[in-house]
Protein chains: 2
Amino acid sequence: MTTIRDVAKHAGVSVTAASYALNNTGTIGEATRKRVLEAAEELNYHPNAFARNLKKRKTHTIGVFISRFGGSFYEEILEGIHSLILDTDYELLVCPESRSARRILLHRQVDGAIVFDSKISDEQVLKLASRHFPIVVMDRDLQNDFILPLLLDNPQGVREAFWHLHQQGFRKLAFVAGAMDSFDNAERMATFLAEAERHDLHVPVYQGNFTEISGYEIAKAILQSDDLPEAVFCANDQMAIGFLRAMKEHGLQAPNDIAVIGFDDIPLAHYMQPSISTIGTPRFEWGTTAVRQLIDFIENETPFQPQRIPTRFLPRESSILNLHSQTSTGETTHGPASPAPS
Amino acid sequence: MTTIRDVAKHAGVSVTAASYALNNTGTIGEATRKRVLEAAEELNYHPNAFARNLKKRKTHTIGVFISRFGGSFYEEILEGIHSLILDTDYELLVCPESRSARRILLHRQVDGAIVFDSKISDEQVLKLASRHFPIVVMDRDLQNDFILPLLLDNPQGVREAFWHLHQQGFRKLAFVAGAMDSFDNAERMATFLAEAERHDLHVPVYQGNFTEISGYEIAKAILQSDDLPEAVFCANDQMAIGFLRAMKEHGLQAPNDIAVIGFDDIPLAHYMQPSISTIGTPRFEWGTTAVRQLIDFIENETPFQPQRIPTRFLPRESSILNLHSQTSTGETTHGPASPAPS
DNA sequence: GTAGAAAAGTGAAACGTTTCATTTAACTGC
DNA sequence: GCAGTTAAATGAAACGTTTCACTTTTCTAC
């Protein structure tokens with residue numbers, strides 16, 4: 001492993017000179033700079049990042065902490081994050097959950113973090129966040145000078161969905177919940193139940209965990225009974241997909257037998273048959289917003305601006321009664337994100 | 001920032017003792033170890049990873065280098081990689097392309113790398129790989145003692161697809177190519193053209209770049225002419241989706257007007273209408289294999305075992321003529337990866 | 001030609017760990 | 001109670017950079 005010492009020797013200058021030349025800092029003659037750079041090239045020198053970071057105490061890297069890669073959900077957020085990173089000279093580092101208690105995060109191998117993983121406890125986030133280590137959280141309602149919550153505006157989308165169902169005359173509703181420890185699940189459920197309450201409707205809640213299989217199994221259980229709901233709201237699309245699969249196996253169809261609504265607008269929701277009504281959100285921008293604010297804080301200590309990420313109900317086949325008696329072109333041929341024509 | 005020095009002082013021991021206690025190394029009394037650990041806890045101490053790695057020259061981390069997160073393609077590979085990592089005490093670090101020439105990789109902030117990004121040049125990989133820095137490549141045919149290529153068996157799947165088309169009587173074929181610099185694209189194209197050649201068929205090639213929009217635009221161009229192909233092979237599913245979208249807009253249907261085949265078996269391919277015939281591959285296992293071999297090399301210098309990742313043609317609606325006159329249950333209700341019932 | 005200023009270059013300390021080589025303390029068995 | 005061992009604890013060097021404070025060289029203006 002060649003070090004800066006080797007480069008300096010090879011170029012016949014001091015280590016300091018070599019360092020200045022390589023970093024374009026300090027004060028150094030054009031001729032020697034050239035010599036140093038050539039020596040570095042020749043020796044295939046690459047600075048040791050650990051030594052450098054140890055000294056500089058800056059890594060120029062931001063870390064994103066997610067639970068896993070699957071599920072189509074993070075994808076677009078990550079793309080947004082990545083796209084903004086490309087415009088900066090920051091490095092991006094994505095860490096899924098790992099056994100060894102997230103050394104990367106704890107050991108501050110990054111200058112700031114974006115946290116989207118409920119396995120990381122609130123206490124950890126609180127303990128870690130500081131002027132020198134700002135954190136953006138996207139999955140919990142935590143806030144101080146160094147912690148920026150960027151949360152979905154769940155109530156908005158859920159209300160729209162509820163109205164949509166109510167307006168069409170659905171009264172016998174059910175709610176399929178996601179993981180208990182999820183902020184989003186809690187808020188979606190609370191909003192839906194509150195809306196129902198206001199209309200004097202009682203809504204049974206079935207406990208799932210955001211996976212397709214849990215939606216499938218809940219549906220199986222429900223379909224055993226002879227007392228079916230008219231419409232089901234699932235806390236995310238995966239579960240809605242599972243629910244629909246079970247319905248199909250029982251020879252039932254959405255929306256006529258049971259209307260189904262999901263949440264997230266993952267690409268599949270648009271392409272399924274029937275297409276799934278869901279609540280969409282600008283995930284790409286969600287990601288860019290997070291990075292923008294984070295880097296702004298790191299570089300200029302710009303105070304964090306908490307904001308809610310808008311959500312919007314997207315009516316599709318799985319919950320629109322008599323769709324085919326109405327105009328029904330549009331939608332299916334457009335991109336995944338497009339709503340029904342107004 | 002509390003350092004080990006603070007911990008040592010607080011516990012009333014030497015720095016060395018603190019280090020030994022914290023790392024469970026050296027020789028240290030049970031009582032003092034306790035005291036040190038308590039002090040560390042109390043001061044909320046976390047070792048500085050840079051200092052540590054600088055000294056130890058091991059990071060216990062493996063790095064995955066991909067071009068981007070989107071496209072549904074990497075997702076399952078990353079899940080495989082992640083799932084195996086969880087069984088080890090290694091850390092995982094995923095880096096998408098970034099402006100600053102991939103410091104992470106170059107600066108060896110990881111103990112080994114998995115490269116799946118054509119923007120990283122062959123020369124770089126060759127220069128970098130060594131006994132102390134093994135590299136698995138998944139997107140290029142590069143090999144030596146320290147570089148393990150894990151490539152798709154493109155020829156297998158492409159041949160099956162070709163036979164499938166040929167057997168149904170399709171003779172007027174076209175090939176929609178992906179990015180020029182892609183190994184997979186090259187191999188898929190070469191195989192397809194070679195098969196065609198053997199049957200004295202001439203196949204025009206349209207140059208795309210793996211994106212949906214490129215497939216869409218190529219289709220638009222083709223559909224202008226009055227001389228349509230009978231079947232089109234797209235080098236990946238994204239382009240096939242774009243192609244089908246354009247066809248729909250022209251009021252054409254697959255497979256009757258033009259049969260369409262893709263490659264990759266991304267989840268959408270299964271759910272589209274019509275479902276898309278494609279070539280599937282065990283991406284999850286692809287990821288686990290990469291990690292397994294990499295860590296085995298790092299820990300035991302187990303020699304790399306190059307192997308091809310199997311591929312398999314999955315016939316679906318977009319290329320099966322008269323499907324509905326045959327048995328046609330199954331498939332659509334199964335999970336995305338399941339092939340047609342045999 | 002010289003004083004003074006600017007430019008170019010250097011030595012050494014520091015970043016926070018780990019670990020080698022030593023010293024000191026605590027046990028043995030007789 | 002002592003020599004010999006083993007256990008426990010320590011000081012200091014090292015990892016590869018960057019950067020401060022300083023010295024040497026070169027330039028400028030008179």
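Chain identifiers are assigned alphabetically (A, B, ...) following the order of the sequence lines, protein sequences preceding nucleic acid strands; residue numbering begins at 1 within each chain. Values reported hereafter were calculated over all heavy atoms of this structure, with side chains retained and with hydrogens, waters and symmetry mates removed.
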Can you classify the ring geometry of B:Phe69 versus A:Phe69 as parallel (below 30°), tilted (30 to 60°) or perpendicular (above 60°)?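 Plane angle under 30°, so parallel.
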Heavy-atom closest contact ([X] atom, [Y] atom, distance):
X: B:Met138; Y: B:Phe116; value: CB-CD1, 3.5 Å
X: A:Val137; Y: A:Arg140; value: CG2-O, 3.6 Å
X: B:Val7; Y: B:Ala40; value: CG1-N, 3.9 Å
X: A:Phe50; Y: B:Thr59; value: CZ-CG2, 3.3 Å

Would you work out how much the helix from C:dG1-D:dC30 to C:dC30-D:dG1 bends between its ends, with each end axis defined by five base pairs, to 10 degrees? 20°
First and last nucleotide of DNA chain D in contact with chain B, 5' to 3', at under 4.0 Å to a heavy atom: what are they?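 So the contact region on DNA chain D extends D:dA8 to D:dG16.
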Measure from OH on A:Tyr20 to C1' on C:dG11 and round the result to the nearest Å.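 Taking atom C1' of C:dG11 as the reference, OH of A:Tyr20 is at 11 Å.
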Rounded to whole Å, the CD1-C1' distance (A:Ile4 to C:dT10) equals 13 Å
Checking all strands, does [X] fall into the base, sugar-phosphate, or nothing category for heavy-atom contacts under 4.0 angstrom?
X: B:Val13; result: sugar-phosphate
X: A:Thr3; result: sugar-phosphate
X: B:Arg5; result: base
X: A:Thr25; result: nothing
X: B:Asn23; result: sugar-phosphate
X: B:Ile28; result: sugar-phosphate

Between A:Ile135 and A:Leu148, is the side chain to side chain contact (heavy atoms under 4.5 Å, CB included) condition met? List the steps. CA-CA 6 Å; A:Ile135 300 181; A:Leu148 167 69; over 6 Å; no
Counting distance alone, no hydrogens or angles: does the base of C:dG11 have a donor or acceptor under 3.5 Å from a partner atom on the side chain of A:Thr16?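 Side chain to base: pair found, below 3.5 Å.
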If we count only N and O atoms by modelled type, under 3.5 Å, do the side chains of B:Asp184 and B:Ser182 hold a donor and an acceptor together?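 No, B:Ser182 and B:Asp184 have no side-chain donor paired with an acceptor closer than 3.5 Å.
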Pair B:Asn154-B:Arg308, side-chain donor/acceptor within less than 3.5 Å: no
Tell me which of A:Lys56 and B:Arg33 sits closer to the 5' end of DNA chain D, going by the nucleotide each one is nearest to.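 Closest to the 5' end, via its nearest nucleotide, is B:Arg33.
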Would the number of heavy atoms belonging to other residues, nucleotides or ligands and lying under 6.0 Å from NZ of B:Lys34 be above 12?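 No, the 6.0 Å shell around NZ holds no more than 12 heavy atoms from other groups.
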